[in-house]
Structures are given as C-alpha cells and as structure tokens.
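Below: one structure, written as structure tokens.
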Amino acid sequence: MFTTAIVRPPGPGFADGLTEANLGPPDLDRALEQHAAYCRALERCGLTLHVLPPDPAFPDSTFVEDTAFLRKDRAILTRPGAPSRQGEVEQIRKPLSTYFESVAGIKPPGTLDAGDICDTGETVFVGLSRRTNEEGIRQLSALLSREAEVVSIDIRGIPSLLHLKSGLSSVGSGRLTVSHRLEGITFPKRFDLVQVADHEEYAANNLLINQFLLLPSGFPQLESVLSGLGYQILLVDMSEFQKMDGGLSCLSLRF
Ligand code: CIR
C-alpha cells in the first residue's frame, strides 16, 4: 500500500522546460488546474500529499518522479541526464530524509532519470536512454542487488521515447502496458502484455496506486481494455504536461 506522495506544482517558467513534443507551448493556468486535479486523484487513492513549493529556477521540477527511485524502506536519489535538471535532486534529498532512513545516490559519471525505471517488484526494467547511461544502470543494479533483478532495455534508437516509462508501465500482477514503440523488445514470458494502440501511446504511461489505476484522459481504447480487466480507473487530464514531454507518473513520487 502507498500512503504518501511528494508533488510539486509547475512554476512560472514551466514553458521553459525541456521538450521535443512539438505540441505547442503549455498554458500555465491550465497546467496548475490539471496539477490540482491530479493531486485530488492521488488523495482519492488514499495518499497524504507532501507538496513542495514551485521552483522557478528549475522549470522541469514539477516532474519530481525523475529525481528519486523509491522502494519499500529505501530511497535512491538519481542523477538526471539533462544538466539543467541535476540541481533538482538536492531539493528532494531533504523531504525524502524525513521519511527514509537510508537515502543513497547515483554518482558521476552515472546518469539515471527515474522515468527510465519501471518497477514490477522482483524485476526492475531500466531504460538505457538519452538520459540514463550504462554506469547509472550499473550503480542502480549494485544498490538493488539483494532485492531485485535489474533488466536493462536499450531505447536509445527509439524515436520519440524520452524515458522507458513513456512507453511502459507496470499495472500489477505481472501485467505491463506497452507502447508499440517497444515492439522489438522481448519481455520475459511471465509478463502479461497489454498492447497500447499507436494513436494512444501516451497512455502507456499510467499509474497503479492502491486500488485505483490513474490513466490520462482521452484514450478510450486502453481505458476500455483496462476496465474490462477489472481496474478501477481514475482519469486525469494531462494535456499541458504532455506538451512538456511529461507522463502521468512523473508528477509524483509515491511510497
Ligand atoms: C524533461 O524533458 O526532462 C521534462 N520536460 C519531462 C520529464 C518527464 N518525466 C517523466 O515522464 N518521467
């Protein structure tokens, strides 16, 4: 069970963040409304929110998920691959230290964005991406060696896939939602794959929290498949975050 989430609303410079989405500039007021609705959905899942103040110095800092990987009783601070985002990590250390006794970290020359980490429990898939390098994955594997198998997936040659989780989510019980962009990847047979239609690929990033599955709104095909599988779905409008290459999961750190 998750009990808590760290979130950070977008700040005034939100539109200055990194993006290759080509969907036009985001509307900050709308992003703030969407963020507030996202927070309400997390609360509906039973989570208590720890809300950090927006930080104008870091336009991408609303995407808190990328700065840390959290598991049971341990936290691992990442080292984002984009230099403009590396300063976000120190700001997450303090709040995490209030919840976790052990806070480890990825060290140079390793880089790791937690958006590249898809945790299924015993197996942790990690994207070798334009943000996460081999050394970052090696350090993560060493830190997790006693508790999980780390499987690296090379996504560097896949266009328009920023992070592994932009195209892959674990929705519990060994089930994964998978974007067509990952079709060349072979997953271990024990996983049950739910393929996400090409025109709905953004929804391959979703979030299972306790009894609910948070899904971006506007993707009816996947919504119908997942509700048919018995998931209780909460829809969240993510349009302004999508414009900044952000997936639904990246707006929170859950534990
Ligand atoms: C970036 O390019 O770093 C941000 N604009 C978006 C990060 C999204 N992170 C995620 O989906 N985990």
Side-chain angles (χ1 to χ4, degrees), residues 5-28 31 34-35 38 42 52 54-70 76-89 91-92 106 111-119 124-133 136-137 140 153 155-156 158-170 177-179 181-182 196 201-209 214-216 219 236-254:
I6 296 177
V7 291
R8 170 172 248 164
F14 178 53
D16 300 328
L18 303 169
T19 183
E20 293 179 2
N22 282 323
L23 294 171
D27 178 311
L28 180 60
Q34 291 178 352
H35 194 272
Y38 179 90
L42 295 183
L52 300 175
D55 187 341
F58 293 100
D60 280 312
S61 57
T62 188
F63 302 116
V64 282
E65 178 182 60
D66 291 321
T67 59
F69 177 58
L70 308 179
I76 299 172
L77 291 168
T78 64
R79 187 166 177 273
S84 66
R85 300 202 58 191
Q86 287 180 352
E88 294 174 29
V89 172
Q91 305 186 340
I92 293 290
I106 300 296
T111 62
L112 179 72
D113 279 19
D116 274 317
I117 308 177
C118 179
D119 188 359
V124 174
F125 294 108
V126 188
L128 175 60
S129 70
R130 284 172 285 142
R131 301 285 178 90
T132 295
N133 67 14
I137 297 177
L140 180 72
I153 298 181
I155 62 165
R156 289 172 298 183
I158 304 181
S160 305
L161 199 66
L162 174 63
H163 289 127
L164 178 64
K165 280 211 304 189
S166 313
L168 182 71
S169 297
S170 169
T177 56
V178 191
S179 156
R181 293 196 186 268
L182 294 171
V196 180
E201 64 178 296
Y202 179 73
N205 179 281
N206 48 64
L207 196 52
L208 182 72
I209 304 182
L214 268 64
L215 198 66
F219 304 96
V236 189
D237 188 353
M238 290 290 299
S239 68
E240 303 315 294
F241 299 99
Q242 185 177 7
K243 290 174 183 171
M244 298 310 294
D245 264 342
L248 187 152
S249 67
C250 61
L251 289 183
S252 58
L253 278 165
R254 294 81 41 192

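Read the numbers this way: they start at 1 and go in the same order the structure lists the ligands and their atoms.
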Checklist outcome for this item: Heavy-atom nearest pair, P216 first then M238, reads CB-CG, 4.1 Å
Checklist entry - Is it true that D66 and R85 have a side-chain N and a carboxylate O under 4.0 angstrom from each other? => result yes
Item to check | Sequence-distant partners of F241, ring-ring contact (aromatic ring centres under 6.0 Å, His included), two or more places apart | outcome: F14
Item to check | Pairs flagged by salt bridge (charged side-chain N to carboxylate O under 4.0 Å, His left out) wherever residues 6-16 is involved - sequence neighbours left out | outcome: none
Checklist entry - Name the residues with a heavy atom less than 4.0 Å from ligand 1? => result L18, D60, F63, E65, D66, R85, G115, R131, L162, H163, M244, D245, G246, G247, C250
Checklist outcome for this item: Contacts of F69 meeting ring-ring contact (aromatic ring centres under 6.0 Å, His included) (sequence neighbours excluded), chain-then-number -> none
Checklist entry - Are R254 and L70 side-chain neighbours, meaning at least one heavy-atom pair lies under 4.5 Å? => result no
